[in-house]
Protein chains: 2
Amino acid sequence: MTLDEVVPARRGRAVTLREVAARAGVSIATASKALNNRQHVGAATRLRVQNAAEELDFSPNAMAQGMVSQRSGTVGLLTSDLVGRFSIPVMRGVEDAFGSEKMSVLLCDARGDRLREQHHLRALISRRVDGLIVVGARPDPRHSLGHLGVPVVYAYAPSDDPADMSVVVDEQAGGRMAVEHLVTCGRRRIAHITGDPSYGASHDRAAGALGALSDAGLALAGGEVMYGSWSEAWGRGATRLLLDRDPDLDAVFAGSDQIARGVLDALLEAGRKVPEEVSVIGYDNWEVLSLDSRPPLTTVDPGLENLGRVAALRLAAAIEGREGHGVEIQAGRVVTRSSTAPLH
Amino acid sequence: MTLDEVVPARRGRAVTLREVAARAGVSIATASKALNNRQHVGAATRLRVQNAAEELDFSPNAMAQGMVSQRSGTVGLLTSDLVGRFSIPVMRGVEDAFGSEKMSVLLCDARGDRLREQHHLRALISRRVDGLIVVGARPDPRHSLGHLGVPVVYAYAPSDDPADMSVVVDEQAGGRMAVEHLVTCGRRRIAHITGDPSYGASHDRAAGALGALSDAGLALAGGEVMYGSWSEAWGRGATRLLLDRDPDLDAVFAGSDQIARGVLDALLEAGRKVPEEVSVIGYDNWEVLSLDSRPPLTTVDPGLENLGRVAALRLAAAIEGREGHGVEIQAGRVVTRSSTAPLH
DNA sequence: CCACGTCGCTAAAACGTTTTCGGACCATAT
DNA sequence: ATATGGTCCGAAAACGTTTTAGCGACGTGG
């Protein structure tokens with residue numbers, strides 16, 4: 001009996017390997033091997049199967065494949081990031097690293113809600129994701145998800161459990177690089193205006209900045225790090241304060257591009273030329289803010305896309321059994337535009 | 001023979017229904033029915049199964065479920081949007097509409113590359129997504145994907161094939177609302193600075209604005225719509241030009257929030273008070289730009305999240321057999337902040 | 001002529017569920 | 001005693017694929 005008689009008319013359903021095999025006049029097993037470039041198939045037969053598959057527009061059912069391989073070919077990306085500021089670059093890094101050839105990304109937005117997070121987690125586990133990347137909304141450590149039965153990599157926000165694997169940006173190095181760049185520009189009276197002091201990153205960046213400053217034998221202009229909020233308004237206000245307190249300041253390191261925008265505006269208003277009299281460097285390289293400011297903003301790019309790539313690489317390794325753990329730190333780089341320049 | 005002897009020690013693999021059944025001392029069939037709240041299961045038995053599942057931390061294999069139900073419980077979100085400006089709100093709308101209870105989202109970023117798009121498409125088809133939402137990078141019509149065997153809804157950018165189903169924002173109504181708001185504020189000399197003229201949306205918004213203007217018996221200040229680019233720099237330059245050409249202008253409708261920022265800056269520099277002397281309204285409600293400007297920006301919110309919700313609703317309907325077609329238009333709304341105010 | 005490999009192919013098992021069908025059992029009515 | 005009906009439960013098929021084991025046929029060296 002040939003398979004032909006067994007195959008009923010399909011009503012709207014996808015083409016199956018059985019139908020391909022029937023059309024090529026071979027068994028399902030042979031068809032499978034032919035299409036997957038396995039050996040033990042004659043050249044002529046293979047060609048016949050490939051043609052049949054082509055003609056029927058065959059597309060293998062990934063669920064069925066997943067059943068036998070015990071791999072879903074899927075990773076979960078669990079984010080708490082409301083606006084997607086950080087998750088999108090990470091997501092692109094993930095796609096690049098996995099080649100998106102055999103790995104698809106299941107994206108879930110927990111929106112900072114722990115319940116929703118649990119919910120998504122259950123769904124991902126049920127889908128048998130091969131691995132999971134957890135992207136935090138802010139760089140501070142977050143609670144560990146614990147043992148889930150699949151590898152997990154935390155990106156941007158590290159897990160609070162050192163047994164987990166985390167990949168984060170080096171905030172301290174970022175702060176250091178920013179100030180070093182200003183020092184290289186010949187600046188001597190450098191101030192630091194930054195954001196919410198409840199963010200660990202604020203302090204890390206400040207520590208890096210202070211370190212670079214003391215390495216250069218300089219003191220912080222304004223006397224102290226100016227903590228506030230991640231907003232342009234704070235950048236403006238703090239700058240006015242600073243100008244009062246320390247009129248001969250020649251550079252400002254802003255803790256974010258939003259703050260830097262405020263700094264720029266206040267400086268412009270006070271009649272200080274940027275970058276000639278005062279140089280300004282931001283943090284984040286959020287292009288909608290940094291590209292089109294007056295002047296375009298020199299800023300520290302935290303390298304989120306790279307972060308995503310590294311996270312994906314670590315996840316891929318863990319999936320193949322080479323599990324890692326601990327916090328891996330990735331440095332960013334300074335993107336030089338026109339808001340900083342050598343003195344004179 | 002009990003099932004106990006059949007169940008081998010599992011090495012790292014997920015708990016299976018067979019194990020739950022064994023622990024509860026029932027057959028797999030009964031266990032399935034018990035957990036899915038099907039009838040024909042005794043109350044005591046059901047409880048025993050539920051407890052067993054709980055104790056073993058059982059999570060049903062979605063792939064296996066998908067095999068029998070012929071549904072993957074998955075929708076694809078195919079985006080071409082580089083920065084995720086539009087896709088993220090849409091994605092949230094999708095999650096909301098589907099409740100994320102039984103539907104997960106497979107996110108793919110084609111990055112404007114047609115080849116990559118084809119590639120992702122194949123992957124999604126192979127995963128047997130129940131439906132597909134295609135989000136464009138700009139509001140202009142895009143090429144149809146054709147017939148894929150699953151329902152497709154185009155969001156933001158409509159398909160060029162009227163047989164497809166598209167959901168887009170009503171750009172013309174947006175332009176109209178913006179000007180109507182300015183007219184309500186008592187403004188009489190209203191100009192319109194907008195972006196790239198190769199965007200259909202530029203012209204749609206302008207048409208809406210012009211319509212509202214003529215309804216109010218007003219002429220466009222500056223004489224013509226000022227097309228340029230979607231940037232702050234263009235907003236600044238165009239404003240200076242405009243101020244020269246028509247010094248007694250009392251309102252500007254900017255085609256994007258970025259442009260509006262430039263307008264605001266140029267106005268400030270020219271010594272014009274906003275909103276008292278000149279009112280400014282933007283478009284997009286991109287909060288990082290609109291919330292923290294001086295003053296905070298009144299702007300047209302295109303309602304992307306709602307767009308995503310509607311797209312998801314239409315997709316859900318199509319999945320259940322109620323297919324639609326044609327272009328559905330969703331209106332946004334004006335978000336009033338401080339950059340517009342009644343005259344006097 | 002026999003032993004032995006190799007090649008090309010197929011049947012069947014396995015993956016983890018849901019669902020259909022029928023059987024066992026019990027109570028009640030005839 | 002037999003029929004009737006209802007309630008619980010289990011065996012088995014089905015979903016679409018990969019993989020393993022095995023079967024002929026053919027060639028090759030003894």
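Chain letters run A, B, ... following the sequence lines, proteins first and then strands; every chain starts at 1.
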Decide side-chain hydrogen bond (donor to acceptor under 3.5 Å, both in side chains) for A:Ser72 and A:Arg127; before the verdict, give the C-alpha distance in whole Å, the side-chain angles of both, and the deciding distance to 0.1 Å. CA-CA 7 Å; A:Ser72 66; A:Arg127 292 228 135 72; over 6 Å; no

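The line from CG of B:Leu106 to NE2 of B:His120 is 9.5 Å long, rounded to the nearest 0.5 Å.
Checking A:Val310, A:Ile133, A:Ile329 one by one against A:Val167, the side-chain contact (heavy atoms from CB on, under 4.5 Å) holds for a single residue, A:Val310.
Side-chain contact check for B:Arg309 and B:Asn306: at least one donor-acceptor pair (N or O, by modelled atom type) lies under 3.5 Å. A donor-acceptor contact closer than 3.5 angstrom is absent between the side chains of A:Ser144 and A:Asp160.
The separation between A:Gln39 atom CD and C:dC9 atom P is 13 Å, rounded to whole Å. If you take CG of A:Leu47 and P of C:dG8, they are 14 Å apart, rounded to a whole angstrom. Between the CZ atom of B:Arg46 and the C1' atom of D:dT7 there is a distance of 13 Å, given to the nearest Å.
Note on the helix from C:dC1-D:dG30 to C:dT30-D:dA1: angle between the axes of the first and last five pairs equals 70°, rounded to 10 degrees.
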Protein-to-nucleotide contact annotation, 5' to 3' order, nucleotides 10-20 of chain D [B base; S sugar-phosphate only; - none; under 4.0 Å, heavy atom]: BB---BBBBB-

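A:Ser59 places a side-chain heavy atom less than 4.5 Å from the side chain of B:Arg128.
With respect to the salt-bridge test (charged N to carboxylate O, under 4.0 angstrom), the residues B:Arg111 and B:Asp113 do not qualify. Look at A:Arg142 and A:Glu117 and you find a salt bridge, because one of the NZ, NE, NH1 or NH2 atoms lies within 4.0 Å of a carboxylate O, short of that distance.
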